[in-house]
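Below: the structure, in structure tokens.
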Amino acid sequence: MNKNEKFVITINRELGSGGRTVGEKLAERLGVSFYDKALIKALEEKYHLTVEEIEKLKGQKNNWWSDFKRVVSVGGALHQSAYYQVPVGSKSELLTTADLFHAETEILEGIAENESCVIAGRCGFFVFRNHPNHLSILILAPLEYRIQRVMKKKGLSHEDAEKIIRQVDRMRENYVTKYTNSSRYDARNYNLVISSDERTEDEIADLIVRYIG
């Protein structure tokens, strides 16, 4: 990956591995924006965007993503804008999973077309598999390490933390398998696979920066 040209870094991570924090720190070090499911979820809930709506926006404005970004801030905080509203009760109000996946893909591609960025999750390794300047990363950790992190962060019991982790693991794997015909654990999908149990988030971010060069 050439950091002197427009690039996209995608991070897949296990719940409790610290991958999201690594993504934020990496984006900060590289001076680019960080995007995760918060943005996509906000779009889904607030604007009910489908591929059709996104294509309409792209057709109406040459620099559609820059304009859209002024409406939806990083992290999912939204502001009112009639231009982007979809009427309640319209066909697009309720999205099927397939609709949402394709809408997310359009959004992610729109981001990468207009700026360098770090994207966590959202099948980024698959969406950008043919991108000319893409670095794909998987961050994982042993189960017990993840359980302890989730227990501390969420104030949960060991049993509840493990239950949540296993549910999320299963949900994410099913989602990835359905839409990419691959496993999110397939190392062939990544340039870097990093275990976080012996490193801090800062150390991992620094490691990635050194790898990029």
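Just so we're clear, the structure is a prediction, and the values are computed from it rather than from any experiment.
- The distance from atom OH of Tyr145 to atom CD of Gln148, rounded to the nearest 0.5 Å, is 10.5 Å.
- Summarising the geometry of Val32 relative to Ser116, their closest heavy-atom pair is CB-O, 3.5 Å, with the distance given to 0.1 Å.
- Neither Leu15 nor Ile139 shares a network with the other; the hydrophobic side chains, linked directly or stepwise wherever heavy atoms of I, L, V, M, F, W or Y lie under 4.5 Å apart, form separate groups for each.
- Cluster annotation: Ile212 is connected to Ile194 through the hydrophobic network of ILVMFWY side chains, with a link wherever side-chain heavy atoms come within less than 4.5 Å.
- Taking CG of Asp206 as the reference point, atom CD1 of Ile204 lies at 10.0 Å (rounded to 0.5 Å).
- The number of heavy atoms from other shown groups lying within 6.0 Å of CD (Glu28) does not exceed 12.
- Proximity of a side-chain donor or acceptor of Lys3 to a complementary backbone N or O of Gly213 within less than 3.5 Å is detected.
- Screening residues 186-213 for ring-ring contact (aromatic ring centres under 6.0 Å, His included), with sequence neighbours left out, gives Phe125-Tyr190.
- Put simply, OG on Ser33 and CD on Glu115 are 4.5 Å apart, with the number rounded to the nearest 0.5 Å.
- Judged by distance alone, the side chain of Lys6 and the main-chain N or O of Glu113 form a donor-acceptor pair under 3.5 Å.
- Of all the heavy atoms in Arg20 and Phe34, the pair that sits closest is O-CZ, 3.7 Å.
- At a threshold of 4.5 Å between non-hydrogen side-chain atoms, the residues Val8 and Glu109 do not count as touching.
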Notebook entry, point to check: What do the steps show when you test Glu162 against Arg166 for salt bridge (charged side-chain N to carboxylate O under 4.0 Å, His left out), and what is the final call?
Noted result: CA-CA 6 Å; Glu162 181 175 1; Arg166 292 191 183 279; 3.0 Å; yes
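- When side chains are defined from C-beta on, Tyr35 does not count as touching Leu108, because their heavy atoms never get closer than 4.5 Å.
- Of the candidates Thr177, Asn189, Val176, Arg184 forms a side-chain contact (heavy atoms from CB on, under 4.5 Å) with just one, namely Val176.
- Val22 and Leu30 end up in the same hydrophobic cluster when Ile, Leu, Val, Met, Phe, Trp and Tyr side chains are linked at under 4.5 Å.
- In this structure, a donor-acceptor pair under 3.5 Å is present between the side chains of Asp197 and Ser195.
- The backbone N or O of Met1 sits nowhere less than 3.5 Å from a side-chain atom of Asn133 that would complete a donor-acceptor pair.
- Minimum heavy-atom separation, Ala141 to Glu14: N-OE1, 3.0 Å.
- Asn174 places a side-chain N or O within 3.5 Å of a backbone atom of Arg170 that can act as its donor or acceptor partner.
- With Tyr175 as the aromatic partner, Arg172 does not meet the cation-pi criteria of under 6.0 angstrom to the ring centre and within 45 degrees of the ring axis.
- In this structure the side chain of Ile165 reaches within 4.5 angstrom of the side chain of Leu143, judged on heavy atoms.
- For the atom pair CZ of Arg149 and CD1 of Ile147, the computed distance is 13.0 Å after rounding to the nearest 0.5 Å.
- Nearest heavy-atom pair, Val150 versus Gly16, reported as atom, atom and distance to 0.1 Å: CG2-CA, 4.0 Å.
- Separation of atoms NE2 (His131) and CD1 (Ile9) is listed at 11.0 Å; rounding is to 0.5 Å.
- Of all the heavy atoms in Ile111 and Cys117, the pair that sits closest is CG2-SG, 3.6 Å.
- Contact check for Phe126 versus Thr105: no side-chain heavy atoms found under the 4.5 Å cut-off.
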Item checked: Check against salt bridge (charged side-chain N to carboxylate O under 4.0 Å, His left out), Arg13 and Asp36 -> CA-CA 11 Å; Arg13 77 280 188 216; Asp36 69 353; 5.2 Å; no
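- A distance of 7.5 Å separates CG in Leu140 from OG in Ser196, rounded to the nearest 0.5 Å.
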